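Everything on this sheet refers to the single structure shown next.
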Amino acid sequence: MEREVIFRIRRFDGEKTYWQDFRFTARKGMTVLEGLYFIKENLDGSLAFRASCRMGVCGSCAVKINGRPRLACETQIFDIGSTLEIEPLDNMPVLKDLIVDMDGFFRKHEAVKPYLIRRDDDYENPKELLQTPEELHAYYDFSLCIKCGACYSACPASATRSDYLGPAAITAAYRFCADSRDEGREDRLNLVSGSDGVWRCHFNAECSEVCPKSIEPAKAVQRMRLMSAIHMIKSIFR
Amino acid sequence: MSESHTRKVLEPFGWIFQMITGLLLFAFVIFHLYITHLTSHDALEYAKVVERLSNPAIKAFYWLFLASASFHAFNGLRAILLDTDFGGRNERAVNAITMLLFVVAVVYGGLLLITF
């Protein structure tokens, strides 16, 4: 099955923003990313977008499709309709066309120390860290984040306050705080409990709605918030 | 207690008390409507209001109602302001002004209650 579709793309050339329509015939099963490649190869070589793995693993191709952040490689054109409005992600500065500057997003991610912290790190004599299946399930879902930025783009709190850590970073912090092998909980709780941290979330849960991996960042932020509140109230009595 | 510590505990306490006062207000508003509109047709006459407020239990209820509503309102305002970049840059001023307004509202309203 083939059908003519219109890709309305919000473009930016470094100076001005404008919408441009591209018409072409799409095949059944064709993804939005394949459509973008078709345009780049056949209609307009100047169209800029990011993509890498084409299978929903790398998180590079997140764009807004008809107002909702999605992975272009995991969205089929016919599932959306015959007119697709494609825009760059929100809450990040646009560099060119569909490419946004994700530097701030990654700096926030880095700020919450998203790695296992152990006091007994000894690379000369590595030891095995055992975990029960229950201990694994406490954080496993949240470890599936591909850092595509869809949650950050949909988050209304990130839209109004630019230094808010955002759902992805707080989810990464929770993923390690909920890990039985980790010993850096205190560090991370101090990092996420400032006024630019968990308190800015209003639980709109838009992040969970748009997450292509269905990992529910909103749940992680709420849990992190409760963990922070308990930690900070306890710290008064210490 | 250092200033940074005070600022840090304001956030979790603000969040917890916002929920508690929200739930309390739901019950308080229903009770207030009940005694002012549903018990009798002349419950809002001046004499009746004075008579009601001469009861220390009612007075205490209204003071608690006032404290809950003021906290919920000004802490909510604080959160809204801190949600913006402007609020983030002026965090200490936002915290101080909104909490001061809360205290002023409770003290001023409390003084009005005492006069009855």
Side-chain angles (χ1 to χ4, degrees), chain A residues 90-93 104 107-108 111 152 154-167 169-170 173-174 177 185-207 218 221-238, chain B residues 1-29 64 67-106:
Chain A
D90 285 329
N91 302 336
M92 288 175 253
R107 291 286 87 79
K108 288 173 185 176
Y152 191 83
C155 174
S158 299
T160 57
R161 183 150 166 190
S162 50
D163 63 347
Y164 170 50
L165 286 170
I170 297 173
Y174 179 74
C177 287
R185 182 189 278 217
E186 188 117 344
D187 280 7
R188 273 184 228 104
L189 283 170
N190 286 327
L191 291 165
V192 302
S193 55
S195 105
D196 58 352
V198 287
W199 317 109
R200 297 281 69 78
C201 168
H202 296 296
F203 204 9
N204 300 62
E206 279 297 309
C207 48
V221 176
Q222 293 305 306
R223 286 186 181 173
M224 203 64 205
R225 172 128 98 160
L226 184 64
M227 210 188 262
S228 302
I230 293 168
H231 168 75
M232 290 166 84
I233 289 165
K234 271 185 183 166
S235 75
I236 302 170
F237 302 102
R238 270 208 295 266
Chain B
M1 201 184 275
S2 74
E3 257 176 18
S4 66
H5 192 69
T6 319
R7 257 188 301 161
K8 280 204 153 183
V9 295
L10 188 58
E11 292 284 1
F13 276 116
W15 176 55
I16 291 163
F17 281 105
Q18 191 74 358
M19 288 193 289
I20 294 171
T21 53
L23 289 171
L24 285 177
L25 283 173
F26 181 71
F28 289 174
V29 168
L64 209 59
S68 301
S70 308
F71 183 83
H72 201 79
F74 289 115
N75 189 48
L77 181 67
R78 186 183 73 86
I80 291 168
L81 290 171
L82 287 183
D83 278 348
T84 63
D85 280 330
F86 170 80
R89 279 193 303 273
N90 303 289
E91 191 190 330
R92 287 174 69 174
V94 168
N95 284 340
I97 292 168
T98 51
M99 287 301 112
L100 182 72
L101 286 171
F102 158 64
V103 172
V104 167
V106 172

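The sequence lines fix the lettering, A, B, ..., with proteins before strands; numbering per chain opens at 1. Remember, predicted model here, so these are calculated numbers, not experimental data. Basis for what follows: all heavy atoms, side chains included, without hydrogens, waters or symmetry-related copies.
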Which portion of A:H202 sits near chain B, non-hydrogen atoms under 4.5 angstrom: side chain

Between the side chain of B:D85 and the main-chain N/O of A:S162, is any donor-acceptor distance below 3.5 Å? yes

Quick check: closest heavy atoms across B:P12 and A:A229, and the distance to 0.1 Å? CB-CA, 3.7 Å

Step-by-step salt bridge (Lys or Arg N to Asp or Glu O under 4.0 Å) determination, B:E11 to A:R200: CA-CA 10 Å; B:E11 292 284 1; A:R200 297 281 69 78; 3.7 Å; yes

Sort A:L226 into side chain, backbone, both or neither according to what part of it lies under 4.5 angstrom from a heavy atom of chain B. both

Atom pair OG/CG of A:S195 and B:N95 - distance to nearest 0.5 Å: 7.5 Å

B:F13 portion near chain A, given a 4.5 angstrom heavy-atom threshold: side chain

Chain A contacts: which residues in residues 14-29 of chain B have a non-hydrogen atom closer than 4.5 Å to it? B:W15, B:I16

Is there a donor-acceptor pair under 3.5 Å between the side chain of A:T160 and the backbone N or O of B:D83? yes

Is the shortest side-chain heavy-atom distance between B:V9 and A:I233 below 4.5 Å? no

